[in-house]
Amino acid sequence: MFEVVFEKASDSLLAVLLDATEECARMNNRWICTEHLLLALTHDASNVAGQALTSMQISSESVQKEVDEALQDQTGWEPLFEHFSDPLTEKEAPGLKVKPIGSSEGAIDETRYSQQTVEALKRSLDYSLFFGEREIQPQHLLLSLLDNNDGGVSKIFEELAINTPFLRRQVMAMHARESYKGSSILSLREALITGFNEMVGRYQQYVQGLIFLAARAGGLQIGTPMRSQVVHMVCLAYMGDFLNTQVAFQRYLLEENIRSVSKRVGGLDKEITASIVSSGAQNLRAEVRATIEYIWCNQYRLLTRLLDDAEHDLIGSVIEDLWWAQSEEIALHDLFAEAMDDHRRKQVLTLQKRRTEIAQRLTKLGHRLDDTVKQCFVKHSKSA
């Protein structure tokens, strides 16, 4: 499962992982930790992750100091997981060299990752699927690091007084801006179907692997889930994350579109902008419904009956709440930037408080969306 990360890693992410390996070797650490990953992300401002960190005044020098203090002695502890193999070979990453990890007296030739690093990399794969993207990018890794509230990276952010919800906002907004500049942008429906299909296929491969091992072991009888059960479990586990990520992303994409149109026509009236945002909320709500019906009732044919209007309304109402909370967050961010430029300290403090409140509300709405999706689907029986 872990090897899939390296199969789907972009060149930019491979460079980050190599940089983290170099940092681990420089410090004579025994395992590559999430702190090494964060430090490597600060070294390259050419990608979205590096730009987001820079925008929050998170410099490589400040992170370097915190990492050196946090990992100055790894000899007294053992990781929960070790990955013995070097996936970053010359064949897979031509021109990139990997130094052995460890001191010159007892160098370790294999790449070793701590359990938290493994989980962060696997979560970055999930994020690439939430966006419907084929490769894992550095911004996906940064988002995954921000998900871990108990790891070493969170302690570094705490020491540096970094507001992690604002950093997450920067990553999402800058990723949307970069995607908007690109040649193609996936709709919520396209992203959800693409990512969901790949995730289902991945877990189905694991099931097939178990069946193969059981056969090789002399025909052992093991209870493996049917494909319909795999799809059902993936939906319950990840659909909330898919939708939450996409609602935020689509809102930032719309904002980029509004700004682009505004530049071309010399500004948009506030009422017109409000109408566009309101129409976007309704369209997204309808798109979520159509996508869920397609995935469950056309592509996989899992439900014996469609979700009723009340169930779709439950999901749709949270989708709209998230959309409008994101809209308020965008407006507050612009006001905050203006106040900072004008050195209006009193207004900055007030806006900062409101931004914090919105960040908390977005987190609660994300949990509510996840709970609502599970509530609507867990009671539906699966067809044979």
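The figures that follow rest on heavy atoms only: side chains count, while hydrogens, waters and symmetry mates do not.
- Checking Gln137 against Glu133 by side-chain atom types alone, no donor-acceptor pair falls below 3.5 Å.
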Cut-off 3.5 Å, no hydrogens considered: what does the side-chain donor-acceptor table look like for residues 151-160, sequence neighbours left out?
residue	atom	partner	partner atom	Å
Ser154	OG	Asn149	O	3.1
Ser154	OG	Gly151	N	3.4
Ser154	OG	Gly151	O	2.6

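- Partners of Asp313 under the salt bridge (charged side-chain N to carboxylate O under 4.0 Å, His left out) rule, at least two apart in sequence or in another chain, are Arg285.
- Pairs engaging residues 266-282 under the side-chain hydrogen bond (donor to acceptor under 3.5 Å, both in side chains) rule: Gln282-Glu320 [sequence neighbours left out].
- Taking the side chain as every heavy atom from C-beta outward, His140 and Phe130 never approach each other to under 4.5 Å.
- Under the 3.5 Å distance criterion, with hydrogens and angles disregarded, a donor-acceptor pair is assigned to the side chains of Gln170 and Ser55.
- For Asp309, the salt bridge (charged side-chain N to carboxylate O under 4.0 Å, His left out) partners two or more places apart in sequence, or in a different chain, are Arg289.
- For Leu186, the side chain to side chain contact (heavy atoms under 4.5 Å, CB included) partners at least two apart in sequence or on another chain are Glu190, Ala191.
- Contact annotation: the side chain of His333 never approaches that of Phe166 to less than 4.5 Å [non-hydrogen atoms, C-beta and beyond].
- Donor-acceptor pairing under 3.5 Å is lacking for the side chains of Arg368 and Thr372.
- Listed by chain and number, the residues in a salt bridge (charged side-chain N to carboxylate O under 4.0 Å, His left out) with Asp44 amount to none (sequence neighbours excluded).
- One hydrophobic cluster holds both Leu17 and Val4 under the rule that ILVMFWY side chains link at heavy-atom gaps under 4.5 Å.
- The ring-ring contact (aromatic ring centres under 6.0 Å, His included) test with His175 is passed by exactly one of Tyr180, Tyr252, Phe131, Tyr127: Phe131.
- Within the 4.5 Å cutoff, the side chain of Leu38 has no heavy atoms near those of the Val67 side chain.
- Hydrophobic clustering keeps Leu167 apart from Met174 (ILVMFWY residues linked when any side-chain heavy atoms are closer than 4.5 Å, directly or through intermediates).
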